[in-house]
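Shown next, in structure tokens, is the structure this report addresses.
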Amino acid sequence: MPSDRRPTTPRTRMDDLTVERVLRVVEAIPPGRVVAYGEVGAIVGVGPRLVGRIMGTWGSSVAWWRVTNASGDHPLLARARPHWEAEGIEIKPNGLGCRMSRFGADLDQLRADAAPALAELEEESSPEAGRTEEG
């Protein structure tokens, strides 16, 4: 017997809601901490490549320097370095990024900190958001 429930699939398109969800999670990363593309994606429900694409296109309005690859390396380290220095994030010996074990954000806390902004987006995008009660 088929289930009435649709399987939950991750968002794979760069629609406005997905872009805004990624940016709001990045806004919640505390100063002096970094998060990998895949970790942002896990909170939002998208893959790391889509997070990277979104950050490359719309990330300039948020703290983009706080998002790295899973090894803590940053593709724009020369541009990120002044921000990292100001926030106390140290470059690891290979010169490519930072140590995730030392500077990685607490993901449970990040999820909790981002939750209100994500819930607000869901409310704004729900079909009922534009309706008013008649009575």
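Hydrophobic clustering of Ile, Leu, Val, Met, Phe, Trp and Tyr side chains at less than 4.5 Å, counting indirect connections, unites Leu77 with Val62.
Applying the side-chain hydrogen bond (donor to acceptor under 3.5 Å, both in side chains) rule to Glu27 yields no partners; only residues at least two apart in sequence or on another chain are considered. Contacts of Arg49 classified as salt bridge (Lys or Arg N to Asp or Glu O under 4.0 Å), with partners at least two apart in sequence or in another chain: none.
Without hydrogens or angle criteria, Arg24 side chain to Leu118 main chain gives no donor-acceptor distance under 3.5 Å. A donor-acceptor pair is defined here as one N or O able to donate and one able to accept, closer than 3.5 Å; such a pair exists between the side chain of Arg66 and the backbone of Ile29.
The nearest pair of heavy atoms linking Ala63 to Val26 is O-CG1, 3.7 Å. Heavy-atom minimum distance, Leu110 versus Val25: CD1-O, 3.7 Å. Closest of all the heavy-atom pairs between Ile89 and Cys98 is CG2-CB, 3.7 Å.
Taking CG of Leu23 as the reference point, atom CG of Leu121 lies at 9.5 Å (rounded to 0.5 Å). For the atom pair CG of Leu107 and CG of Asp113, the computed distance is 11.5 Å after rounding to the nearest 0.5 Å. Taken to the nearest 0.5 Å, the OG1 atom of Thr57 stands 10.0 Å off from the CE atom of Met55.
Between Val51 and the options Ile43, Val35, Val40, Val44, a side-chain contact (heavy atoms from CB on, under 4.5 Å) holds for only Val40.
Looking at Trp65 and Glu87, their side chains do bring a donor and an acceptor atom within 3.5 Å of each other.
Residue Asp16 places its CG atom among 12 or fewer non-hydrogen atoms of other residues, nucleotides or ligands, all under 6.0 Å distant.
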Open item on the list: side-chain contact (heavy atoms from CB on, under 4.5 Å), that's the test. Do Val67 and Val34 meet it? Break it down for me.
Closed with: CA-CA 6 Å; Val67 184; Val34 297; over 6 Å; no
TODO: Using the side-chain contact (heavy atoms from CB on, under 4.5 Å) rule, take Glu124 and Glu20 through it: C-alpha gap first, then chi angles, then the decisive distance, then the call.
DONE: CA-CA 12 Å; Glu124 291 172 4; Glu20 193 60 33; over 6 Å; no
Open item on the list: For a side-chain contact (heavy atoms from CB on, under 4.5 Å) check, start with the C-alpha distance between Glu90 and Phe103, then their side-chain angles and the critical distance, and finish with the verdict.
Closed with: CA-CA 8 Å; Glu90 298 171 5; Phe103 297 102; 3.9 Å; yes
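A heavy-atom distance below 4.5 Å is found between the side chains of Thr18 and Ile54. Counting heavy atoms from C-beta outward, Gln109 and Pro30 have side chains that stay 4.5 Å or more apart.
Listed by first and then second residue, the side chain to side chain donor-acceptor pair (under 3.5 Å) pairs that reach into residues 71-86 are Asp73-Lys92, sequence neighbours excluded.
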